[in-house]
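To keep things clear, I will list the structure first and then write my remarks on it.
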Amino acid sequence: MPIIRPYRPEDRAAVTEVCVLTGDGGEDSRERWPDPDLLANIFALPYVDHEPELAFVLDDGGTAVGYVLGTADTPAFVRWFRQERLPPLADRYPLRERPATPLEQLAVVLHHPERMLVAEVADHPAHLHIDLLPAYQGAGHGRALMTAFLRALNDRGVPRVHLQMDPANTRARAFYDRMGFSGIAVEGFPDGAFMGRATTAP
């Protein structure tokens, strides 16, 4: 049976793979974004580098097949990303004045970490990302990962957590509903784009 355990540095490649294979609304993102490293360098690897103590993986036979990761302090994470994470990547993924391809448009996201500073969720200082390979979905592993993450936040005294999602991803929305997340209205975004909850584990 797969087990939940803390992230280890040797999981880095597997975390990247899970991110890429689930990165397009839960589906394989390689056709949309042919450089797999860019997606992971936005939505996965910065978190395991900055706060590895808040990263947990689903381990099946020694390989990470899913993960939950995030930050306890979104403003601090944004500052770190701007000062430490972005400079080494900026030359490889330059910011185009008129991004023309999906990859160039994704690079815009990389260059604007301040997008994570959303006033309406300021009282939910933590945020997270959770992904599972399709073969491991629907078996309770997502709940176990989320519970481990919520407990870790709560142990650190972090009261609330939020996430951002594509409202069209109905499977993800159903999961978050079951996990006790509620929608948070954010100006300029559709209903369901932001969700939050207390960190008291279910």
Side-chain angles (χ1 to χ4, degrees), residues 5-24 29-30 32-57 64 66-97 99 101-131 145-146 148-166 186 189 193-194 196 199:
R5 61 165 174 80
Y7 168 84
R8 298 193 293 249
E10 55 265 35
D11 298 319
R12 190 177 184 85
V15 165
T16 297
E17 183 176 20
V18 172
C19 179
V20 170
L21 294 179
T22 61
D24 189 4
S29 68
R30 287 174 294 183
R32 184 175 182 184
W33 297 301
D35 183 336
D37 289 340
L38 178 54
L39 194 73
N41 271 304
I42 298 172
F43 297 113
L45 299 181
Y47 297 91
V48 301
D49 291 341
H50 188 247
E51 289 170 274
E53 67 276 14
L54 288 178
F56 300 88
V57 301
Y67 59 73
V68 61
L69 41 81
T71 179
D73 185 336
T74 298
F77 178 77
V78 169
R79 290 192 297 272
W80 169 83
F81 196 104
R82 168 64 64 188
Q83 297 167 6
E84 304 291 337
R85 189 70 180 193
L86 181 57
L89 296 170
D91 289 339
R92 181 178 176 185
Y93 302 106
L95 180 61
R96 306 293 184 187
E97 184 175 348
T101 68
L103 200 63
E104 290 175 353
Q105 292 163 358
L106 187 61
V108 174
V109 178
L110 172 73
H111 282 266
H112 289 90
E114 290 78 16
R115 75 189 184 281
M116 293 180 266
L117 301 176
V118 178
E120 290 89 341
V121 296
D123 61 344
H124 290 65
H127 75 260
L128 67 91
H129 298 280
I130 182 169
D131 289 300
L145 281 168
M146 186 70 80
F149 184 80
L150 291 172
R151 286 177 175 161
L153 285 177
N154 193 258
D155 288 346
R156 295 175 64 167
V158 182
R160 286 173 294 276
V161 61
H162 75 272
L163 58 87
Q164 184 178 357
M165 62 166 289
D166 179 358
V186 174
F189 289 86
F194 286 83
T199 60

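Along the sequence shown, the residues carry numbers beginning at 1.
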Main-chain N/O of His124 paired to His162 side chain as donor or acceptor, under 3.5 Å
yes
Would you say Tyr93 and Asn41 are linked by a side-chain donor-acceptor pair, where the criterion is simply a distance under 3.5 Å?
no
Examine distances only and state if a side-chain atom of His50 and a backbone atom of Pro46 form a donor-acceptor pair shorter than 3.5 Å.
no
Please check if the side chain of Thr101 supplies one atom and the backbone of Glu104 the other of a donor-acceptor pair under 3.5 Å.
yes
Test item: His129 side-chain N/O and Val68 main-chain N/O as donor-acceptor pair under 3.5 Å
no
Check Gly66 against Leu145 and note the closest heavy-atom contact, atom names and distance.
C-CD1, 4.3 Å
Give a yes or no on whether the backbone of Val109 and the side-chain of Arg115 come within a donor-acceptor separation of less than 3.5 Å.
yes
Distance-only donor-acceptor check, side chains Thr199 and Asn154, under 3.5 Å
yes
Is the backbone of Pro102 close enough, under 3.5 Å, to the side chain of Trp33 for a donor and an acceptor to pair up by distance?
yes
Could you go through Asp49 and Arg85, starting from their C-alpha distance and side-chain angles, then the distance that decides it, and tell me whether this counts as side-chain contact (heavy atoms from CB on, under 4.5 Å)?
CA-CA 10 Å; Asp49 291 341; Arg85 189 70 180 193; 2.4 Å; yes
Could you tell me which non-hydrogen atom of Phe149 sits nearest to which non-hydrogen atom of Gly70, and how far apart they are?
CE1-N, 3.7 Å
Run the ring-ring contact (aromatic ring centres under 6.0 Å, His included) test against His111 and tell me which residues pass, sequence neighbours left out.
none
side-chain contact (heavy atoms from CB on, under 4.5 Å), that's the test. Do Phe194 and Glu120 meet it? Break it down for me.
CA-CA 9 Å; Phe194 286 83; Glu120 290 89 341; over 6 Å; no
Heavy-atom count around Asp91 CG within 6.0 Å, excluding the residue itself: above 12?
no
When the aromatic ring centroids of Tyr47 and His127 are compared, is their separation below 6.0 Å?
yes
Within a 6.0 Å radius of atom CZ on Arg82, are there more than 12 heavy atoms belonging to other residues, nucleotides or ligands?
yes
Shortest non-hydrogen contact from Asp11 to Pro6?
OD2-O, 4.3 Å
